[in-house]
Q: 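Below is a structure I'd like to ask you about.
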Amino acid sequence: MSRLFMFEKPLGMRDTLPEVYEKKHRVRSVMAETMKLWGYQFIETPTLEYFETVGAASAIVDQQLFKLLDKEGHTLVLRPDMTAPIARVAASKLLDEDLPVRLAYSANVFRAQQREGGRPAEFEQIGIECLNEDTVSCDGEVIALLISSLKKAGLRQFQVSIGHVGFAQELFMQILGTNGRATALRKFLYEKNYVGYREHVNSLQLSSIDKQRLLMLLQLRGGEEVIGMALNLIENGKGKQALLELRELWDVIKDYGVEEQVKFDFSIVSHMSYYSGVLFEAYAGNVGFPIGNGGRYSLIEKFGKKATATGFAVRLDMLLEALGELDVKNSTHCIFFSQERRKEAFQLAKEMHRQGKSALLQDITGVKNLDAFTKKFAGTTYLIGGHTDE
């Protein structure tokens, strides 16, 4: 193994410098306040979980898990997502009264990346879970809260695309017959490899009508009108039921008044095996990946409690990229002092702190470039010798 350089970090790990940290903090805070206003309570879970419980339930592939052993020989994982830990907590402590529970979180998750991938292995998610509530109204609430949170964060140009696990899966099963044959098509859709999807469909030993049905799936994108197009594409069964759910969901979304940010996209699928209903992804124009995603899932059942839930997670790093340059001004006031006026400077800073104002103390002999230093702050006071300058 080659010798590491002094400033190297583990693959996929990043430093967050003060300016970016402040932007992230402000975005996180306003989104958290929005979630609280909607009745969601924040929760924290351990960074380390047992592999046999949360690690196995998370649906993150084994190669992406960070594993280690405790002193007893148990395999632990750094949590790869927040949905599985919250499902564990909810099943064991929060769902005894069989009532809906609304939880929120903001936490770092960890997924090992390939060297050529260039993606972070540690990133922060902020999101919510509406647990033990299986109505379409709950699905609509979660989507509306996602849209409200993104708007409060300052995002203006974005879209939430909605699909349904049941529709694509039923269409594939009706035409292909086996889940194994459907897996290849789902992989193309998850990777957004639509060229590969079309080529694979054309290579299948199917009738031209069935090939056309599979290819039409890529065109089912738009407003309420695509539901009717999808109804003409699928035979009776779970697929029809999924479309009826989406039609009801559209009415809920309109009642919330957020339909301008919503489009249907029936090609949306997930690599997370626990999703069981509505799926959605949030996109912003200048980011190549979803900045957030979510849907209805049945993961809680893996922890022994029969309950479904709907939730979403927003990637804060992706959201910051979508927001672009934020005008984050340093509101701190800098107080320069000379040795003979040190006590006076300390008292001034103490009074400003008492008033809730940010004040920084700086011995003037410790700064070589005063102009460059003072540009960082909202205001400056000089307590030097016998005079005071603002």
Side-chain angles (χ1 to χ4, degrees), residues 27-28 30-43 45 58-60 79-87 90 100-109 111 123-153 155 158-165 190 245-246 249 252-253 256 258-259 261-265 268-272 274-284 287 289-300 307-320 322-323:
V27 169
R28 181 198 306 118
V30 72
M31 294 183 74
E33 287 304 312
T34 303
M35 293 168 182
K36 290 178 184 177
L37 288 175
W38 284 55
Y40 286 77
Q41 297 177 298
F42 272 78
I43 187 174
T45 66
S58 71
I60 302 298
R79 62 182 176 224
D81 68 356
M82 282 298 294
T83 303
I86 288 178
V101 176
R102 288 169 168 80
L103 300 175
Y105 60 86
S106 178
N108 286 14
V109 298
R111 299 178 192 174
F123 52 89
E124 186 175 353
Q125 293 181 331
I126 183 168
I128 58 128
E129 311 290 349
C130 186
L131 308 160
N132 206 29
E133 168 66 272
D134 61 0
T135 65
V136 174
S137 294
C138 173
D139 297 333
E141 173 186 313
V142 169
I143 292 169
L145 178 49
L146 169 61
I147 292 170
S148 179
S149 299
L150 292 176
K151 286 182 176 179
K152 290 290 186 181
L155 196 61
F158 67 93
Q159 175 184 302
V160 177
S161 298
I162 301 176
H164 197 293
V165 169
Y190 171 69
E245 287 181 21
L246 291 179
L249 177 62
V252 175
I253 287 169
Y256 272 109
V258 296
E259 65 270 22
Q261 278 76 39
V262 172
K263 296 291 183 184
F264 289 111
D265 183 349
I268 293 177
V269 298
S270 176
H271 67 293
M272 302 289 198
Y274 50 67
Y275 280 114
S276 57
V278 171
L279 287 172
F280 51 90
E281 297 173 340
Y283 290 91
V287 179
F289 300 93
I291 61 174
N293 67 283
R296 177 161 293 278
Y297 60 90
S298 55
L299 178 61
I300 302 172
T308 64
T310 305
F312 72 75
V314 173
R315 285 270 303 260
L316 279 182
D317 58 339
M318 297 285 193
L319 178 54
L320 288 181
L323 288 168

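Just so it is clear, the values below take in all heavy atoms, side chains as well, and ignore hydrogens, waters and symmetry mates.
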Q: May I ask you to decide if K36's main-chain N or O and R102's side chain share a donor-acceptor pair within less than 3.5 Å?
A: no
Q: OG1 of T135 to CD of E141: how many Å apart, nearest 0.5 Å?
A: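 Going from OG1 on T135 over to CD on E141, the span is 8.0 Å.
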Q: If I compare all heavy atoms of A87 with all of I300, which pair ends up nearest, and what's the gap?
A: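 Scanning both residues completely, I find the closest heavy atoms to be CB-CG1, 4.0 Å.
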Q: Measure the OG1-CG distance between T308 and L299 for me, rounded to the nearest 0.5 Å.
A: 11.5 Å
Q: Can you classify the ring geometry of Y256 versus W38 as parallel (below 30°), tilted (30 to 60°) or perpendicular (above 60°)?
A: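 It falls in the parallel class, under 30°.
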Q: Taking all non-hydrogen atoms of both residues, which atom of A104 and which atom of M35 are closest, and how far apart?
A: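 Between these two residues, the closest heavy atoms are CB-SD, 4.2 Å.
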Q: Check whether the side chains of S276 and R296 place a donor and an acceptor atom closer than 3.5 Å, and report yes or no.
A: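 Side-chain D/A pair, S276 to R296: absent.
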Q: Are more than 12 heavy atoms from other residues, nucleotides or ligands located less than 6.0 Å from atom OH of Y190?
A: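 No.
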Q: May I ask you to test the F123-L316 pair for a side-chain heavy-atom distance under 4.5 Å?
A: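 Counting from C-beta outward, F123 and L316 never come under 4.5 Å.
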Q: Among I253, V258, D265, L146, which residue meets the side chain to side chain contact (heavy atoms under 4.5 Å, CB included) test with V160?
A: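 The option that passes is L146.
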Q: Which pair of heavy atoms, one from A284 and one from I291, lies closest together, and at what distance?
A: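 So the two residues come closest at CB-CD1, 4.4 Å.
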Q: Within the structure provided, determine whether K152 and E33 are in side-chain contact (heavy-atom separation under 4.5 Å).
A: no
Q: Measure the shortest side-chain to side-chain distance between N293 and Y275 over non-hydrogen atoms and say whether it is less than 4.5 angstrom.
A: yes
Q: I need the minimum non-hydrogen distance between Y274 and D81, along with the two atoms involved.
A: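 Smallest heavy-atom distance, with atoms named: OH-OD2, 3.2 Å.
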Q: At their closest point, which heavy atom of E129 faces which heavy atom of G311, and how far apart are they?
A: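 For E129 versus G311, the nearest heavy atoms are OE1-CA, 3.5 Å.
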Q: Among T310, I162, I268, find the one that has a side chain to side chain contact (heavy atoms under 4.5 Å, CB included) with V278.
A: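 It is I162, the one option of T310, I162, I268 that forms the side chain to side chain contact (heavy atoms under 4.5 Å, CB included) with V278.
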Q: Can you list the steps and then say if I147 with F158 is a side chain to side chain contact (heavy atoms under 4.5 Å, CB included)?
A: CA-CA 9 Å; I147 292 170; F158 67 93; 3.8 Å; yes
Q: Using the side chain to side chain contact (heavy atoms under 4.5 Å, CB included) rule, pick out the option among V101, L103, L145, T34 that qualifies with Y40.
A: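 In the set V101, L103, L145, T34, the residue that makes a side chain to side chain contact (heavy atoms under 4.5 Å, CB included) with Y40 is L145.
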Q: Where is the tightest heavy-atom contact between V136 and E245, given as atom of each residue plus distance?
A: CG1-O, 4.1 Å
Q: Within the 3.5 Å criterion, strictly below it, is a donor on S106 or E124 matched to an acceptor on the partner's side chain?
A: yes
Q: Donor-acceptor pair, R315 side chain versus F289 backbone, under 3.5 Å?
A: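 Looks like no, no N/O pair under 3.5 Å.
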Q: Is there a side-chain contact between V27 and L320 (heavy atoms, below 4.5 Å)?
A: yes
